[in-house]
Amino acid sequence: DSGVTQTPKHLITATGQRVTLRCSPRSGDLSVYWYQQSLDQGLQFLIQYYNGEERAKGNILERFSAQQFPDLHSELNLSSLELGDSALYFCASSVGLSGPGELFFGEGSRLTVL
Amino acid sequence: AQTVTQSQPEMSVQEAETVTLSCTYDTSESDYYLFWYKQPPSRQMILVIRQEAYKQQNATENRFSVNFQKAAKSFSLKISDSQLGDAAMYFCASTSPQDQTGANNLFFGTGTRLTVIP
């Protein structure tokens, strides 16, 4: 158990819909990262938050947004969903703003868009 | 652009034998970190081993060791005495350059699927 909690574990929805994925980082970790893993692909970095502030952005679509709340949990909002958004979405946390610390990953939220 | 390349989409190894997974990376940083993560069928991402670029000594964790060649930007993973539980996707990752705010994250390769044959 990494200590990072993601909900829901599985989600099935239709094109055009909006979903919210939730992540609770490990106790004491201030950084939260979101990654997308499409089928049999590597992990693509989406966005990072540190202590409530957005700190780094990867290849995140404009239809996607995220935030980190004062209690440090984070939510990833995916809107106007398309078939290609079907993927495993990982949240990870670390203590600091930057490496070298290990990233601790949650179990992922599997999104299926029909 | 930062890249991490795993040129072996699939590998197989006999149980109890040794296998080496390859990874090359490209970075402009002088100080960075490299990682191997394991993703079993459960999909959980599990850290296998970590290497700090400024350390000459190759990292070792029990049956797992790396061959880190900084000049060649190569970071291979050797698994000794392979076990059935080692079957998984293995991802190589490197830290990205820090941006102006000091933030960075990990870049991942596309993974190598390891099959362990009983």
Side-chain angles (χ1 to χ4, degrees), chain A residues 1-6 9-10 23 26 29-60 66 68 87-112, chain B residues 1-10 21 23 25 27 29-55 59 61 88-114:
Chain A
D1 183 4
S2 67
V4 178
T5 303
Q6 288 188 249
K9 286 188 169 46
H10 301 276
C23 169
R26 287 189 326 154
D29 284 359
L30 299 179
S31 272
V32 169
Y33 307 76
W34 287 97
Y35 286 85
Q36 178 192 56
Q37 185 182 29
S38 300
L39 186 62
D40 290 334
Q41 297 293 313
L43 278 71
Q44 298 293 321
F45 170 66
L46 295 178
I47 199 165
Q48 178 198 8
Y49 278 82
Y50 176 78
N51 203 21
E53 293 185 5
E54 180 186 307
R55 297 308 294 265
K57 245 181 179 178
N59 297 322
I60 187 167
Q68 186 180 27
L88 191 57
Y89 291 85
F90 281 105
C91 170
S93 72
S94 67
V95 172
L97 176 62
S98 64
E102 173 186 352
L103 292 191
F104 294 87
F105 284 84
E107 294 184 351
S109 292
R110 178 166 295 285
L111 173 65
T112 302
Chain B
Q2 180 126 0
T3 57
V4 176
T5 303
Q6 294 180 249
S7 59
Q8 306 155 315
E10 297 183 353
L21 308 184
C23 173
Y25 60 93
T27 181
E29 300 294 290
S30 58
D31 191 18
Y32 50 91
Y33 292 76
L34 298 165
F35 304 83
W36 279 97
Y37 277 86
K38 169 185 177 181
Q39 188 179 42
S42 67
R43 294 292 192 173
Q44 177 80 46
M45 293 290 288
I46 301 166
L47 178 67
V48 175
I49 199 164
R50 174 176 59 195
Q51 175 78 42
E52 298 169 73
Y54 68 88
K55 287 189 175 179
E61 290 286 342
M89 281 288 283
Y90 286 82
F91 291 97
C92 178
S94 73
T95 46
S96 67
Q98 290 187 8
D99 65 15
Q100 62 272 22
T101 73
N104 68 354
N105 63 85
L106 294 186
F107 278 103
F108 286 85
T110 52
T112 297
R113 183 177 302 281
L114 179 66

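In the text below, chain A, chain B and the rest are named by the order of the sequence lines, each starting its count at 1.
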- Student check: side-chain heavy atoms of L103(A) and Y37(B) closer than 4.5 Å: yes

- Query: Is there a side-chain contact (heavy atoms from CB on, under 4.5 Å) between L43(A) and M45(B) once you walk through the steps?
  - Reply: CA-CA 10 Å; L43(A) 278 71; M45(B) 293 290 288; 3.9 Å; yes

- Can you tell me if E107(A) uses its side chain to pair, donor with acceptor, with the backbone of S42(B) under 3.5 Å? no

- Message: Show the nearest heavy-atom pair for residues Q44(B) and G106(A), with the distance to one decimal.
- Response: NE2-O, 3.6 Å

- Part of L88(A) within contact of chain B (heavy atom distance under 4.5 Å): side chain

- Can you check whether Q39(B) reaches F105(A) side chain to side chain, under 4.5 Å on heavy atoms? no

